[in-house]
Amino acid sequence: MKNKLIKIRIAEPIFMVLFASLLFSCDSDFDVISPEGGDGPPVITSVSEAREDVAVTQGVLENTYIIRGENFSTLKAIYFNGVQASVNLALTTDNLTFATVPESAPYVGQSNELVLENLSGSTSYDFSLLTIDDFTEATIDGVKTVTLLGGDFSETNSVTFVSGSEEDGNLVEIEADILSVSETEVTVIVPSGIEQAFIYLETSRGAVTQSDSYGFSYSIYIDALNPDWEMSQWGGTFDLENTSPALGQFSIKSTREAWSGLSFLAPNIPFDDYEALTFSIYGTGDAGDSVNLAINDFAAQVNLVLIPNQWNKFVVPLSSFYPNGGAPATITRLDFQEASGTGKAQYIFYVDDFGLL
């Protein structure tokens, strides 16, 4: 026997009356849901860096922060110096929310305001921003310096060069001597012995920001020749322990005849492991004097114009040696060849801080 489906139809006017009575009856078991928490404007009590939950009054671009306070349940927007932030409302409660500082937020010459806006109003909180955009290098009276560029550096507390890692057991942290501080620049002395490091700047407001890598991925000559390399030459002499001019303790003095060269013999360095060669050259001749930098016994070369009586830093992409392809598997030799072509009996130049990036 088949079951029969019985349909019951309620007259439309009666249904509407019943539905309305359920919604509006004082004795109803159904309540209208409203947001929990206060209904006033937001109140900010603290801001913390999210990774370690440490209270700060300055943030770093693109970092995430925990904001604590009241009346966040109806939060609409968060702004850092006028730029709206990314907010995860799913993690927001009436007393806590998370926000990421936009990369485009301005950080110098600003009123330094963190603003929260909810359905009842808005509130502001003193909160400046920090970032390192870039850095430049210089030598002042034989001392190597780095100038960090960005801001807001006004309340810089320390600058530290950090290399290695705890995991590898070779972590080194050396605090630098600060020479000058402004809103947009901080200049420090590079600590002795630094070859490669990340530069950390910390402010008195609790913020810490990090630079790109400073120095070399692989050093060839910094005060001394890498022991895995050998030196050679033709048509001249060289001194690996020249003291002046030098960017550190020593530089290489290269005394050359026309078109003669200074050779660095490599222990088969994988070409694809690195992006560029970097070094500084001090010229002593005339404006327009130059040297060729050649790779693998002059398989390819680039020309470098020297500046008289001044250190000039070069960063030469390895791709510039082989713009049309055909790069070798390994680097076996590098040469600095005198290439001024002026017919002088002697040319002198100095090489320092030589390595691979």
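These values consider heavy atoms only, across backbone and side chains, with no hydrogens, waters or symmetry-generated copies.
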Please name the pair of heavy atoms, one in Ala287 and one in Pro308, separated by the smallest distance, quoted to 0.1 Å. N-CG, 3.5 Å
The reported gap from OG in Ser104 to CG in Asn81 (rounded to nearest 0.5 angstrom) is 11.0 Å
Treating Asp94 as the side-chain partner and Ser73 as the backbone partner, does any N or O pair qualify as donor plus acceptor under 3.5 Å? yes
Intermediate values then yes/no, side-chain contact (heavy atoms from CB on, under 4.5 Å), Leu130 and Leu201: CA-CA 9 Å; Leu130 177 69; Leu201 184 147; 4.1 Å; yes
Is there a donor-acceptor pair under 3.5 Å between the side chain of Gln337 and the backbone N or O of Trp259? yes
From Gln196 CD over to Ile222 CD1, what is the distance, rounded to the nearest 0.5 angstrom? 10.5 Å
Less than 4.5 Å apart, any side-chain heavy atom of Val291 and any of Leu306? yes
Minimal non-hydrogen separation, Val87 against Ala99, with atom names: CG2-CB, 4.5 Å
Quick one: sort the Phe161 and Tyr214 rings into parallel, tilted or perpendicular, breaks at 30° and 60°. perpendicular
Least distance between heavy atoms, Val56 atom then Ala207 atom: CG1-N, 4.5 Å
Are Tyr347 and Thr342 linked by a side-chain donor-acceptor pair shorter than 3.5 Å? yes
Note, Ile252 side chain near Phe264 side chain (heavy atom, < 4.5 Å): yes
Please check if any side-chain donor atom of Thr97 sits under 3.5 Å from a side-chain acceptor atom of Thr92, or the reverse. yes
Measure the spacing between CG of Asn112 and OG1 of Thr57 and express it to the nearest 0.5 Å. 10.0 Å
Any side-chain donor-acceptor pair under 3.5 Å between Thr64 and Thr100? yes
OH (Tyr218) and CG (Leu277) are apart, to the nearest 0.5 Å, by 11.5 Å
Regarding Ser128 and Gln110, is there a side-chain donor-to-acceptor distance under 3.5 Å anywhere? no
Among side-chain atoms of Asp152 and Ser154, is any donor-acceptor pair under 3.5 angstrom? yes
Rounded distance [0.5 Å steps], OG1 in Thr160 versus CD in Glu175: 5.0 Å
Measure from the side-chain N and O atoms of Asn226 to the backbone N and O of Asp228, and report whether any donor-acceptor pair falls under 3.5 Å. yes
Going through the checks in order, is the side-chain hydrogen bond (donor to acceptor under 3.5 Å, both in side chains) test met by Asn157 and Thr203? CA-CA 5 Å; Asn157 189 45; Thr203 73; over 6 Å; no
Is the shortest heavy-atom distance from the side chain of Ile67 to the side chain of Phe98 under 4.5 Å? no
Test item: side-chain donor near acceptor, Glu155 and Ser204, under 3.5 Å: yes
One pair to check against side-chain contact (heavy atoms from CB on, under 4.5 Å): Thr156 and Ile178. What are the steps and the verdict? CA-CA 9 Å; Thr156 295; Ile178 298 175; 4.1 Å; yes
How far does OG1 of Thr123 sit from CG of Leu116, to the nearest 0.5 angstrom? 7.5 Å
Do the side chains of Leu149 and Phe135 get nearer than 4.5 Å, heavy atoms only? no
Under a 4.0 Å threshold between the charged nitrogen and the carboxylate oxygen, would Lys144 count as salt-bridged to Asp353? yes
Do you know which two heavy atoms are closest between Leu357 and Ser217, and how far apart they sit? C-OG, 3.7 Å
Steps toward side-chain hydrogen bond (donor to acceptor under 3.5 Å, both in side chains) verdict (Ser340, Glu338): CA-CA 6 Å; Ser340 302; Glu338 198 290 315; 2.5 Å; yes
Phe354 and Tyr221 aromatic centres sub-6.0 Å: no
Same apolar cluster (I L V M F W Y, side chains within < 4.5 Å links), Val351/Met231: yes
Using side-chain contact (heavy atoms from CB on, under 4.5 Å), reason through Leu265 and Thr332 one step at a time and then give a plain yes or no. CA-CA 6 Å; Leu265 307 179; Thr332 59; over 6 Å; no
Salt-bridge contact Asp53-Arg68 (side-chain N to carboxylate O under 4.0 Å): yes
Kindly work out whether a path of hydrophobic side-chain contacts (I/L/V/M/F/W/Y, heavy atoms less than 4.5 Å apart) joins Val188 to Ile174. yes
Show me the donor-acceptor pairs, under 3.5 Å and distance only, between side chains in residues 241-248 and residues at least two apart or in other chains.
residue, atom, partner, partner atom, Å
Asn242, ND2, Ser244, O, 3.3
Asn242, ND2, Pro245, O, 3.1
Asn242, ND2, Ser251, OG, 2.9

Taking Ser165 for its side chain and Asp168 for its backbone only, find out whether a donor-acceptor pair lies under 3.5 Å. yes
Check the pair Thr147, Thr187 against side-chain hydrogen bond (donor to acceptor under 3.5 Å, both in side chains), reporting the backbone distance first and the verdict last. CA-CA 4 Å; Thr147 297; Thr187 300; 2.8 Å; yes
For the backbone of Phe250 and the side chain of Asp223, can you confirm whether one donor and one acceptor N or O come within less than 3.5 Å of each other? yes
When you compare the side chains of Gln233 and Arg256, does any donor N or O come within less than 3.5 Å of an acceptor on the partner? yes
Could you label the plane-to-plane angle of the Phe271 and Tyr322 rings as parallel, tilted or perpendicular, counting under 30° as parallel and over 60° as perpendicular? perpendicular
Determine, for Asp126 against Arg205, whether the closest basic-nitrogen to carboxylate-oxygen distance falls under 4.0 angstrom. yes
Please check: side-chain N/O of Asp273 versus main-chain N/O of Pro270, any donor-acceptor pairing under 3.5 Å? no
Check: Ser290 side chain, Val305 main-chain N or O, donor-acceptor pair, under 3.5 Å: no
Indicate, with yes or no, if Phe216 and Leu293 share a hydrophobic cluster defined by side-chain heavy-atom contacts under 4.5 Å among Ile, Leu, Val, Met, Phe, Trp and Tyr. no
Filter on ring-ring contact (aromatic ring centres under 6.0 Å, His included), then keep only pairs touching residues 281-301, sequence neighbours left out; what's left? Tyr282-Trp311, Tyr282-Tyr350
Taking the side chain as everything from C-beta on, heavy atoms only, tell me whether Leu148 gets closer than 4.5 Å to Val159. yes
Answer with yes or no whether the side chains of Asp352 and Ser280 bring together a donor and an acceptor at under 3.5 Å. no
Report yes if some heavy atom in the side chain of Ser263 is under 4.5 Å from a heavy atom in the side chain of Trp234; otherwise report no. yes
Judged by atom type as modelled, is there a donor-acceptor pair below 3.5 Å linking the side chain of Asn118 to the main-chain atoms of Phe72? no
Can you get from Val54 to Leu96 by hopping between Ile, Leu, Val, Met, Phe, Trp and Tyr side chains that sit under 4.5 Å apart? no
Gly235 to Ser260 - nearest heavy-atom pair and separation: O-OG, 2.8 Å
Look only at the side chain of Glu62 and the backbone of Pro102, and say whether a donor-acceptor pair between them is shorter than 3.5 Å. no
Quick check on the hydrophobic clustering: are Ile220 and Val316 connected, directly or via other members, by side-chain heavy-atom contacts under 4.5 Å? yes
Donor-acceptor pair, distance only, cut-off 3.5 Å: does the side chain of Glu113 make one with the backbone of Val115? no
Using the rule given for ring-ring contact (aromatic ring centres under 6.0 Å, His included), can you reason through Tyr107 versus Phe153, listing the C-alpha separation, both sets of side-chain angles and the distance that settles it, and then say yes or no? CA-CA 10 Å; Tyr107 46 86; Phe153 297 146; 8.2 Å; no
